[in-house]
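Below, all heavy atoms of this structure are taken into account, side chains as well, without hydrogens, waters or symmetry copies.
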Amino acid sequence: MENKFYHSVYLKADRCKGCIHCLKRCPTNAIRVRNGKAHIIKEFCIDCAECNQHCPYHAKRSHRDEWKNIDKEKYKVALVDPSIYGQFNHLHDLNVVLYGFKAMGFDDVFDIAYAYEYWMECARVYIEEHKEKYPIINSTCPAVVRLIRVRFPELLDHLIPFVPPIEIAARAALAQTMEQTGYKEEEIEIVYITPCPAQAAYIKSPIGIEKTHITSVLAMKDIYKQLVRCMEENPNPKEKLIRAGRSGVGVGTTCAEARGIGIRNYVAVDGIENVIKTLEEIEDDRLPDDLIFAELKNCSAGCMGGVLNVENPYIARAKVKQLDRYIPVTKKSPREYFEKLCNIQIEWENTPEFEPVFELGQSMQESIDNMSKVETLLKTLPGMDCGSCGAPTCRALAEDIVRGFEGSKKENCIYLLRGFYSKMQKEEEHKDDN
């Protein structure tokens, strides 16, 4: 059973100062400040990591595994995200990175970029066959899919109904390892090297399937120094491990999916606030009629901007683009490998459903009644949206009060308190005069 409300991002309370940086940056109003500490409303959170990125005290963290805790007795395969290739200087041979993982202690590696090439080839066919769903939206970013599920239910049918490339890679790596080594599935550890918390959350709450084949997840930033040391010690890799070509390697950057699919009329958007604006425009039918594809990525500069990476996202993007001169275009279709040799089924097993987490009642009538209460409350609030009450906006405070959230009350508003104080002061002065 899918845990709909699992999220990777969490608060390290001892570091939190109760400021409102995270409160104002959260795109789904999932954060409140109560009793001097931030609190995350798990149902609202989409693991976009905006709070991680903007907390000046580093109080927002994300759950992931540690290399020291990975089961050393199992056969370990590293799934290497394409964004990783932008984290290193003067990189000419991607095999140096992949072999670095083997030198670090992994038994094998699998480049997710190759799975992206397969995903994009299948997506090209799907897009051509489903003109009635234009614009079609990519389903590769878990944070975007989660956002659509909670805020844009009418657009769920526009998503490409394919499991993400990280899952394709996991299944292929598992099948390949079992075939080549004779190990059983329970003897194999599939470890995803992730750039962001949203991808880490996928492991606990997979999209379109009941269970993922990924067993552990490591953050790139946690193993970076160790990996660099292993790369420096092995500058001439003994094996050719990279399978992907130029389109797969560059897929961590903005526009790469659209280019890899071969779409001309597309929009490519990065950064969660820009994604929300674009989804609103799609929902309201305000984009060009001939738009075919919308490539939406939660992080700025694409997956290069994941908070679990180490390099500046725009520098990382430039580094990956410079790799084009060293990487050939894949000429052979990856479909035979993934479908015939690995028996991959790319379609969702079940369709992600709308999650009405923002509704104000259990029924339509209750929601209407509560909305009326919210509007009445709003008339008594100043409309400043300052966040000082512990909610991001006056409307959010009013909704919290109606929902009965603990600690939510009108008196949290400092402007109302200022008015009460001024009124009391005038009354006292009036008494003195008399």
Flag, side chain of Thr194 to backbone of Gln199, donor-acceptor distance under 3.5 Å: no
Thr380 (side chain) donor-acceptor with Leu377 (main chain) under 3.5 angstrom: yes
Separation of Lys373 NZ from Ile368 CD1 (nearest 0.5 Å): 13.0 Å
Note, Asp385 side chain near Pro392 side chain (heavy atom, < 4.5 Å): no
Backbone N/O of Ile70 and side chain of Lys72: donor-acceptor pair under 3.5 Å: yes
CA sep, side-chain torsions, deciding dist, call: Glu167, Arg171, salt bridge (charged side-chain N to carboxylate O under 4.0 Å, His left out): CA-CA 6 Å; Glu167 183 62 33; Arg171 294 179 180 183; 3.4 Å; yes
Between Tyr114 and Phe338, ring centroids under 6.0 Å: yes
Rounded distance [0.5 Å steps], SG in Cys196 versus CD in Gln53: 11.0 Å
Side-chain (Thr215) to main-chain (Ile190) donor-acceptor, under 3.5 angstrom: yes
Between Tyr10 and Lys42, a side-chain donor and acceptor under 3.5 Å: no
Check ion pair Lys409-Glu411 (N to O, under 4.0 angstrom): no
Rounded distance [0.5 Å steps], CD1 in Ile414 versus SG in Cys389: 9.0 Å
Shortest non-hydrogen contact from Asn309 toward Pro195: ND2-CB, 3.4 Å
Side-chain donor-acceptor contact under 3.5 Å, Thr330 with Glu117: yes
Neighbour count >12 (heavy atoms, 6.0 Å) for atom CG, Asn89: yes
Asp290 and Tyr134, any side-chain heavy atoms less than 4.5 Å apart: no
Flag if over 12 foreign heavy atoms under 6.0 Å of CD, Glu186: yes
Non-hydrogen atoms of Pro197 and Val307 that approach each other most closely: CD-CG2, 3.5 Å
Ser363 side-chain N/O to Glu366 backbone N/O, donor-acceptor pair under 3.5 Å: yes
Residues Trp67, Met104; criterion side-chain contact (heavy atoms from CB on, under 4.5 Å); working and verdict: CA-CA 10 Å; Trp67 172 239; Met104 187 177 143; 3.9 Å; yes
Test item: Trp348 and Phe162 side chains (from C-beta on) under 4.5 Å apart, heavy atoms: no
For the student: nearest non-hydrogen atoms of Glu295 and Ala258, plus distance: OE1-N, 2.8 Å
Trace of the side-chain contact (heavy atoms from CB on, under 4.5 Å) decision for Tyr85 with Asp111: CA-CA 11 Å; Tyr85 301 127; Asp111 57 318; 3.6 Å; yes
Asn312 side-chain N/O to Ile315 backbone N/O, donor-acceptor pair under 3.5 Å: yes
His21 side chain vs His54 backbone, donor-acceptor pair below 3.5 Å: no
CA sep, side-chain torsions, deciding dist, call: Lys24, Glu50, salt bridge (charged side-chain N to carboxylate O under 4.0 Å, His left out): CA-CA 10 Å; Lys24 302 304 290 184; Glu50 282 290 294; over 6 Å; no
Audit row: Arg395, Glu375, salt bridge (charged side-chain N to carboxylate O under 4.0 Å, His left out) steps and yes/no: CA-CA 8 Å; Arg395 177 172 289 277; Glu375 296 300 329; 3.0 Å; yes
His63 versus His7, closest heavy-atom pair with distance: CD2-O, 4.1 Å
Parallel, tilted or perpendicular, as decided by the 30° and 60° cut-offs, for the rings of Phe358 and Phe44: tilted
Any side-chain heavy-atom pair of Ile401 and Ser408 under 4.5 Å: yes
Glu349 side chain vs Gly208 backbone, donor-acceptor pair below 3.5 Å: no
salt_bridge(Arg34, Glu406) N-O dist < 4.0 Å: no
Phe405 vs Ile41, side-chain contact (heavy atoms from CB on, under 4.5 Å): CA-CA, chis, key distance, verdict: CA-CA 10 Å; Phe405 282 1; Ile41 303 173; 3.7 Å; yes
side-chain contact (heavy atoms from CB on, under 4.5 Å) evaluation trace for Ile31 with His39: CA-CA 6 Å; Ile31 299 177; His39 297 271; over 6 Å; no
Shortest non-hydrogen contact from Ile223 toward Phe101: CD1-CE2, 3.7 Å
Closest non-hydrogen atom pair, Gly100 against Met231: CA-CG, 4.1 Å
Side chain to side chain contact (heavy atoms under 4.5 Å, CB included) partners of Arg246, counting only residues at least two apart: Asp324, Ile327, Val329
Side-chain heavy atoms of Ile166 within contact of Tyr202, under 4.5 Å: yes
Note, Cys16 side chain near Lys37 side chain (heavy atom, < 4.5 Å): yes
Residue pair Tyr326 / Asp93, side-chain donor-acceptor N/O under 3.5 Å: no
Any donor-acceptor pair under 3.5 Å from Asp65 side chain to Ser216 backbone: no
Centroid-centroid distance, Phe88 to Tyr224, less than 6.0 Å: yes
Rounded distance [0.5 Å steps], CE in Met304 versus OG in Ser83: 6.0 Å
Sole candidate of Val145, Ile137, Ile272 that passes side-chain contact (heavy atoms from CB on, under 4.5 Å) when paired with Leu296: Ile137
Ile136 and its side-chain contact (heavy atoms from CB on, under 4.5 Å) partner, picked from Asp157, Ile292, Ile160: Ile160
Reported CE-to-CD1 distance for the pair Met220 and Ile193, which is rounded to 0.5 angstrom: 8.0 Å
Pair Glu257, Tyr116: side-chain N/O donor-acceptor within cut-off below 3.5 Å: no
Atom pair CG (Asn138) and CE (Met120), whose distance is rounded to the nearest 0.5 Å: 11.5 Å
Qualifying side-chain hydrogen bond (donor to acceptor under 3.5 Å, both in side chains) pairs with a residue from residues 264-277, counting only residues at least two apart or across chains: Thr254-Asp270
Side-chain donor or acceptor of Lys297 paired with backbone N/O of Thr253 under 3.5 Å: yes
Side chain proximity check, Leu11 to Lys60, heavy atoms < 4.5 angstrom: yes
Test item: Ser247 and Arg259 side chains (from C-beta on) under 4.5 Å apart, heavy atoms: no
